[in-house]
Structure formats: C-alpha cells, structure tokens
Amino acid sequence: MNAQEAQNIKWSENIIIVDGDYIDHVAFDLIVNFERMLNRRIPAADFSQWAVNIALDGRLKPGNHETQVVLLHDRKKRKLENFVPSDYEKELNGQAFKDVQLGEFIINTIATGDEAAEKDNVLLDLLKTILNHEEVKRIMIIPNAEDGHVMSALRSTLRDVDDELKHITLFAMQPLEGGNFKQQILGYSLLNAMGITSSEINRKIK
C-alpha cells in the first residue's frame with residue numbers, strides 16, 4: 001500500500017499505525033539492556049505477538065475482529081532488525097494472521113522518503129484520512145514519541161476528536177503530557193513479545 005491508496009481503501013474498525021523505524025530502535029535498546037540485566041540472550045520480538053499485545057493494550061475486547069496494521073518505514077530500511085518476521089516487502093506487506101482471541105490482523109507497509117520529517121508527514125496524513133472514516137472505531141498509534149514536533153502535531157490533529165466515536169490510544173516509552181487520547185507504555189508489549197516476563201525481572205531485581 002502507498003500513501004495514495006490509503007485514501008480509497010476500506011478500513012477496518014481497528015487500526016494500528018506504526019513508525020517501524022522507531023519500534024525497531026526501541027526494541028534494540030530493550031534487547032541490549034535486558035541481556036545485561038537477565039544475563040541471557042534476548043530473541044527478536046515476535047511481530048505477530050507484539051501486534052496482538054498492542055491491540056489488547058488498546059482495549060480491544062476478545063472477539064472475531066479485523067485489525068489493520070500499517071507499518072511506515074524509511075525506504076532505505078528494507079527490514080526490521082529486531083523483529084521476526086522482518087522483511088517489510090517480502091514477509092510483512094500484504095500478510096495476515098489469525099489470533100484465537102482477537103481475530104484477524106492484516107499487515108500493510110508504506111515506504112516513505114529519506115528524511116524522518118517526510119515519514120512523519122505521511123503518518124499524520126494517514127491519521128487524518130482514517131479519522132474521517134466512520135467505520136474506524138479504534139486507533140492505536142505508535143509514533144516516534146521522543147520527537148517533540150511529531151507529538152505537537154499529533155496533539156493538534158487529535159484535539160477535537162470525539163472520544164465517543166473514536167477510541168484512540170497512543171503508545172510511548174514514558175508518560176506524555178496532555179493530549180486527547182489514552183496512553184499506554186510501549187515497552188510492556190515489546191518485552192512480552194520477546195518472552196521477558198515481569199516475574200523474571202523481579203527475580204533479578206531482588
């Protein structure tokens with residue numbers, strides 16, 4: 001899918017919009033830190049499990065749902081380095097999987113320009129498009145929340161959204177100030193997809 005096609009396709013009730021380069025960066029940092037803490041090799045995150053975790057954190061209830069995952073990435077990056085499957089075009093774009101608890105997940109990838117700002121503009125344009133589709137009820141957004149410009153633009157875009165019509169959850173590594181959206185910590189979904197449990201962490205801390 002490209003940015004133009006996004007205008008015309010039929011959207012699902014549930015949408016996950018992801019900055020692929022950002023989640024890959026966060027996953028790398030978590031792997032490095034937790035290999036040191038837990039003194040064991042940490043595997044790449046299971047992308048399917050991570051998407052399910054995001055949907056659950058976005059308060060999607062069990063049922064036979066359809067959820068679309070849209071992965072934005074720099075066109076120079078052909079794959080995620082810290083997830084499996086990883087190749088944007090060969091293994092992720094146009095693929096789908098079924099979760100016994102939440103139903104079908106459909107994955108599309110969009111390659112964006114060489115500069116981060118351009119990718120952020122695509123993300124914002126995509127979000128505005130989705131907000132105008134009545135069939136979309138739940139939106140989960142994983143942007144580069146460390147970029148103040150991106151966050152300012154997101155807050156502005158979401159300011160007047162009716163939360164009775166659109167349930168919006170934004171994921172970041174730290175709590176964010178303000179904003180007309182629910183918040184969740186991104187790290188929990190990634191740790192689970194890497195097979196790291198809170199009980200294992202607690203044992204090491206003690």
Side-chain angles (χ1 to χ4, degrees), residues 1-9 11-12 14-35 41-55 57-58 66-99 104-130 139-147 149-151 153-154 170-173 186-196:
M1 180 170 63
N2 60 37
Q4 286 73 36
E5 290 170 345
Q7 301 286 338
N8 303 315
I9 73 168
W11 290 100
S12 305
N14 312 295
I15 309 289
I16 301 173
I17 305 174
V18 188
D19 181 332
D21 303 313
Y22 180 66
I23 62 164
D24 210 24
H25 164 73
V26 173
F28 173 78
D29 285 347
L30 289 174
I31 288 171
V32 170
N33 290 332
F34 279 90
E35 282 189 339
R41 179 183 171 276
I42 304 297
D46 180 317
F47 187 87
S48 299
Q49 184 59 53
W50 176 73
V52 170
N53 294 341
I54 289 292
D57 286 348
E66 182 181 274
T67 300
Q68 282 169 285
V69 183
V70 183
L71 268 170
L72 307 177
H73 67 96
D74 186 319
R75 66 178 67 255
K76 291 180 180 177
K77 301 279 184 67
R78 300 198 172 193
K79 65 177 186 174
L80 293 158
E81 299 293 341
N82 302 288
F83 287 80
V84 289
S86 61
D87 190 293
Y88 285 115
E89 196 56 42
K90 295 178 182 176
E91 298 178 322
L92 292 166
N93 190 44
Q95 300 302 307
F97 68 91
K98 193 100 171 182
D99 179 70
E104 188 173 34
F105 286 72
I106 300 166
I107 305 167
N108 289 107
T109 65
I110 300 177
T112 63
D114 296 333
E115 297 181 12
E118 190 174 333
K119 179 176 60 187
D120 297 336
N121 288 338
V122 174
L123 187 150
L124 290 166
D125 288 344
L126 180 63
L127 176 59
K128 289 171 186 173
T129 297
I130 291 170
I139 305 172
M140 292 145 277
I141 311 166
I142 303 92
N144 179 356
E146 296 169 27
D147 186 319
H149 170 74
V150 174
M151 290 310 305
L154 280 170
L170 197 143
F171 292 77
M173 290 301 287
L186 173 61
Y188 300 146
S189 59
L190 287 167
L191 292 178
N192 179 270
M194 294 170 181
I196 301 171

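Along the sequence shown, residues carry numbers from 1.
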Identify, with sequence neighbours excluded, every residue that meets side-chain hydrogen bond (donor to acceptor under 3.5 Å, both in side chains) alongside Ser189.
Trp50
Scan side-chain atoms only and decide if Thr112 and Glu118 contain a donor-acceptor pair under the 3.5 Å cut-off.
no
Does a side chain donor of either Asn53 or Asn192 reach within less than 3.5 Å of an acceptor in the other side chain?
yes
Atom [atom1] of [X] and atom [atom2] of [Y]: how far apart are they, to the nearest 0.5 Å?
{"X": "Lys79", "Y": "Lys90", "atom1": "NZ", "atom2": "NZ", "answer": "10.0 Å"}
{"X": "Arg41", "Y": "Met194", "atom1": "CZ", "atom2": "CE", "answer": "11.0 Å"}
{"X": "Arg78", "Y": "Tyr88", "atom1": "CZ", "atom2": "OH", "answer": "13.0 Å"}
{"X": "Glu146", "Y": "Met151", "atom1": "CD", "atom2": "CE", "answer": "11.0 Å"}
{"X": "Leu126", "Y": "Asn121", "atom1": "CG", "atom2": "CG", "answer": "12.5 Å"}
{"X": "Phe28", "Y": "Glu81", "atom1": "CZ", "atom2": "CD", "answer": "10.0 Å"}

Hey, does the side chain of Glu35 reach the backbone of Ile42 with a donor-acceptor pair shorter than 3.5 angstrom?
yes
For a 4.5 angstrom cut-off between non-hydrogen side-chain atoms, does [X] reach [Y]?
{"X": "Glu66", "Y": "Ile106", "answer": "yes"}
{"X": "Leu80", "Y": "Phe47", "answer": "yes"}
{"X": "Ile142", "Y": "Ile54", "answer": "yes"}
{"X": "Leu71", "Y": "Leu92", "answer": "yes"}
{"X": "Leu170", "Y": "Leu154", "answer": "yes"}
{"X": "His73", "Y": "Tyr22", "answer": "no"}
{"X": "Thr67", "Y": "Ser12", "answer": "no"}

Carboxylate-amine/guanidinium proximity below 4.0 Å for Lys119 and Asp21
yes
Indicate the ring-plane relationship of Phe105 and Phe97, choosing parallel, tilted or perpendicular according to the 30° and 60° boundaries.
parallel
My understanding is that only residues two or more places apart in sequence, or in another chain, count here; which of them pass ring pair (Phe, Tyr, Trp, His ring centres under 6.0 Å) with Tyr188?
none
Start with the C-alpha distance between Ile31 and Asp29, add both sets of side-chain angles, then the distance that settles side chain to side chain contact (heavy atoms under 4.5 Å, CB included), and finish with yes or no.
CA-CA 6 Å; Ile31 288 171; Asp29 285 347; over 6 Å; no
For a side-chain contact (heavy atoms from CB on, under 4.5 Å) with [X], tell me which candidate from [options] qualifies.
{"X": "Asn82", "options": "Val26, Asp24, Leu30", "value": "Asp24"}
{"X": "Leu72", "options": "Ile110, Asp120, Asn108", "value": "Ile110"}
{"X": "Ile139", "options": "Asn14, Ile130, Ile16", "value": "Ile130"}

Could you go through Phe83 and Glu91, starting from their C-alpha distance and side-chain angles, then the distance that decides it, and tell me whether this counts as side chain to side chain contact (heavy atoms under 4.5 Å, CB included)?
CA-CA 11 Å; Phe83 287 80; Glu91 298 178 322; over 6 Å; no
Intermediate values then yes/no, side chain to side chain contact (heavy atoms under 4.5 Å, CB included), Ile23 and Phe171:
CA-CA 10 Å; Ile23 62 164; Phe171 292 77; over 6 Å; no
In short, Asp147 meets His149 closest at the heavy-atom pair OD1-N, 2.9 Å
